[in-house]
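Report on the structure given below.
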Amino acid sequence: MDIELQKKMIEKAQAARSHAYAPYSGYSVGAAVLAASGEIYGGCNVENASYGLTICAERNAIFSAVAAGERKLSAIAIIGPEDGELPYPCGACRQVMTEFAEDPGMPVIVARSEDSFEVYRLEELLPHSFQL
């Protein structure tokens with residue numbers, strides 16, 4: 001994946017982050033997934049007073065892609081606050097990524113900004129994932 005596409009995905013995730021609803025944690029996150037079709041779908045975290053009903057930005061973006069008819073994802077970018085730690089995905093999000101990843105080596109970009117990010121392979125973040 002070239003650097004220009006990585007930065008484009010981070011920009012999309014940043015735009016999605018601006019819509020985050022995080023009144024309880026104050027931790028806004030945005031995500032963008034690249035579908036095998038070439039389309040990019042965004043999502044943000046949406047918190048709820050009943051914490052278990054909160055949805056992470058990663059799953060929100062993935063489910064938006066699936067709702068649009070996509071079934072295979074090629075990459076994901078996740079962005080948190082610029083002054084915070086890198087926003088590594090939670091275990092539930094990693095498992096959902098595995099379900100729809102086109103390849104176990106799918107790039108997972110974790111970012112603070114377009115200039116501050118790291119790229120991992122999904123299989124690095126979730127080795128020995130559950131699969132049927």
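Residues that satisfy the side-chain contact (heavy atoms from CB on, under 4.5 Å) test with Glu85, not counting sequence neighbours, are absent from this structure. Judged as a ring-ring contact (aromatic ring centres under 6.0 Å, His included), and not counting sequence neighbours, the contacts of Tyr120 are Tyr88. Scanning for salt bridge (Lys or Arg N to Asp or Glu O under 4.0 Å) contacts around Lys7 gives Asp115, with sequence neighbours left out.
Linking ILVMFWY residues whenever their side-chain heavy atoms come closer than 4.5 Å, directly or via other members, places Leu5 and Phe117 in the same cluster. Linking ILVMFWY residues whenever their side-chain heavy atoms come closer than 4.5 Å, directly or via other members, leaves Leu34 and Phe100 in distinct clusters. Residues Ile78 and Leu86 fall within the same hydrophobic cluster, defined by Ile, Leu, Val, Met, Phe, Trp and Tyr side chains chained together at heavy-atom separations under 4.5 Å. When the side chains of ILVMFWY residues are joined at heavy-atom separations under 4.5 Å, either directly or via intervening members, Ile79 and Met1 end up in a single hydrophobic cluster. By the criterion of side-chain heavy atoms lying less than 4.5 angstrom apart, applied directly or through intervening Ile, Leu, Val, Met, Phe, Trp or Tyr residues, Ile62 is not grouped with Ile40; the two fall into different hydrophobic clusters.
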Under 3.5 Å, sequence neighbours excluded: what are the donor-acceptor pairs made by side chains of residues 22-32?
unit_1	atom_1	unit_2	atom_2	d
Ser25	OG	Tyr27	N	3.0
Ser25	OG	Glu47	OE2	2.3

Listed pairs under 3.5 Å, donor-acceptor, residues 53-61 side chains, sequence neighbours left out:
unit_1	atom_1	unit_2	atom_2	d
Thr54	OG1	Asn48	N	3.1
Thr54	OG1	Tyr51	O	3.1
Asn60	ND2	Cys44	O	2.8

Pairs under 3.5 angstrom only: tabulate donor-acceptor contacts from the side chains of residues 9-20 to other protein residues two or more places apart or in another chain.
unit_1	atom_1	unit_2	atom_2	d
Arg17	NH1	Gly80	O	2.4
Ser18	OG	Ala15	O	2.5

For residues 123-132, which side-chain donor-acceptor pairs fall under 3.5 Å, sequence neighbours excluded?
unit_1	atom_1	unit_2	atom_2	d
Glu123	OE2	Arg121	NE	3.0
Glu124	OE1	Arg121	N	2.7
Ser129	OG	Gln131	NE2	2.9

Determine all donor-acceptor pairs shorter than 3.5 Å in which one atom belongs to a side chain in residues 65-74; sequence neighbours excluded.
unit_1	atom_1	unit_2	atom_2	d
Glu70	OE1	Ser37	OG	3.3
Glu70	OE2	Ser37	OG	2.7
Glu70	OE2	Tyr41	OH	2.8
Arg71	NH1	Val66	O	3.1
Ser74	OG	Glu102	OE1	3.0

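Residues in residues 60-81 take part in no ring pair (Phe, Tyr, Trp, His ring centres under 6.0 Å) pair, two or more places apart or across chains. Within the structure, salt bridge (charged side-chain N to carboxylate O under 4.0 Å, His left out) pairs that include any residue of residues 21-34 do not occur (at least two apart or interchain).
Closest approach of Met106 and Ala101 over heavy atoms only: SD-CB, 3.9 Å.
Interatomic distance, CD of Glu82 versus CD of Glu114, reported as 9.5 Å (0.5 Å rounding).
Counting only heavy atoms from C-beta outward, the side chains of Leu122 and Pro104 never approach each other to under 4.5 Å.
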